[in-house]
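Everything below concerns the one structure shown next.
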Amino acid sequence: QVQVVESGGGLVEAGKSLRLSCTVSGLNFDDYAMGWFRQAPGKEREGVSCVSWNGESTYYADSVKGRFTISRDNAKNTLYLQMNSLSPEDTAIYYCAAASGGAFGRWRLQGHGYNYWGQGTQVTVST
């Protein structure tokens with residue numbers, strides 16, 4: 001059974017930081033590229049960041065570049081998203097997803113080819 005579980009969401013003030021985690025079980029974690037996506041109320045899902053299987057390549061949405069950092073620890077089967085300088089515009093449900101096979105590139109931010117998705121964790125940024 002494959003499980004993808006996000007954690008670390010919560011309520012924070014604008015300008016502060018938050019770190020999300022995603023633990024994966026039931027698959028060979030280092031075979032998968034990983035991504036973070038988010039969906040705000042009334043908005044469509046958008047790609048936030050993604051990372052290749054070995055962590056050597058990363059991509060970010062323009063809206064978060066310079067503020068967010070994606071990383072992974074393959075020994076712990078865990079994906080992270082460090083979010084700094086948070087804004088109310090970052091308020092959303094954040095989802096972790098795993099993608100096997102194929103090429104890795106910025107186009108993975110579009111959400112193509114992700115085999116497994118987590119349940120999401122809520123991030124709320126107050127003014």
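Everything numeric in this text was worked out from a predicted model, so none of it was measured.
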Between the side chain of [X] and the main-chain N/O of [Y], is any donor-acceptor distance below 3.5 Å?
| X | Y | value |
| --- | --- | --- |
| N28 | D30 | no |
| S52 | S57 | yes |
| S21 | S7 | no |
| Q39 | I93 | no |

Kindly compute the distance separating [atom1] ([X]) from [atom2] ([Y]), expressed to the nearest 0.5 Å.
| X | Y | atom1 | atom2 | answer |
| --- | --- | --- | --- | --- |
| Q119 | Q3 | CD | CD | 10.0 Å |
| S49 | Q82 | OG | CD | 12.5 Å |
| D90 | S63 | CG | OG | 7.5 Å |
| L79 | S71 | CG | OG | 7.0 Å |
| S85 | R67 | OG | CZ | 7.0 Å |
| K16 | L11 | NZ | CG | 13.0 Å |

Same apolar cluster: [X] and [Y], side chain cutoff 4.5 Å:
| X | Y | result |
| --- | --- | --- |
| Y95 | V64 | no |
| L81 | L109 | no |
| M34 | V48 | yes |
| V24 | W53 | no |
| I70 | M83 | yes |

Got Y32 and L27 here, is their nearest side-chain heavy-atom distance under 4.5 Å?
yes

Legend entry - pair L20-T121: side-chain heavy atoms closer than 4.5 Å: yes

Distance-minimising heavy-atom pair for [X] and [Y]:
| X | Y | value |
| --- | --- | --- |
| C22 | V4 | SG-CG1, 3.5 Å |
| V123 | G9 | CG2-CA, 4.2 Å |
| A97 | F37 | CB-CE1, 4.0 Å |
| W117 | G111 | CZ2-O, 4.3 Å |
| G47 | A61 | O-CB, 3.4 Å |
| R108 | C50 | CB-SG, 3.9 Å |

- Task: Under the side chain to side chain donor-acceptor pair (under 3.5 Å) rule, what do T78 and D73 come out as? Steps first, then yes or no, please.
- Result: CA-CA 5 Å; T78 301; D73 187 338; over 6 Å; no

- Task: Dump the intermediate steps for side-chain contact (heavy atoms from CB on, under 4.5 Å) on L18 and L86, then the final yes or no.
- Result: CA-CA 8 Å; L18 201 61; L86 284 163; 3.8 Å; yes

**Prompt:** Are a donor atom and an acceptor atom from the side chains of N115 and S100 found within less than 3.5 Å of each other?
**Reply:** yes

(request) Walk me through it: do R45 and R38 pass the test side-chain contact (heavy atoms from CB on, under 4.5 Å)? (result) CA-CA 6 Å; R45 185 197 69 197; R38 67 185 182 185; over 6 Å; no

Q. Are R106 and Y59 in a cation-pi contact, defined as NZ or CZ under 6.0 Å from the six-membered ring centre and within 45° of the axis?
A. no

Checklist entry - Looking at F29, does the NZ or CZ of R72 lie under 6.0 angstrom from its six-membered ring centre and within 45 degrees of the ring axis? => result yes

Centres of the F68 and W36 rings: under 6.0 Å?
no

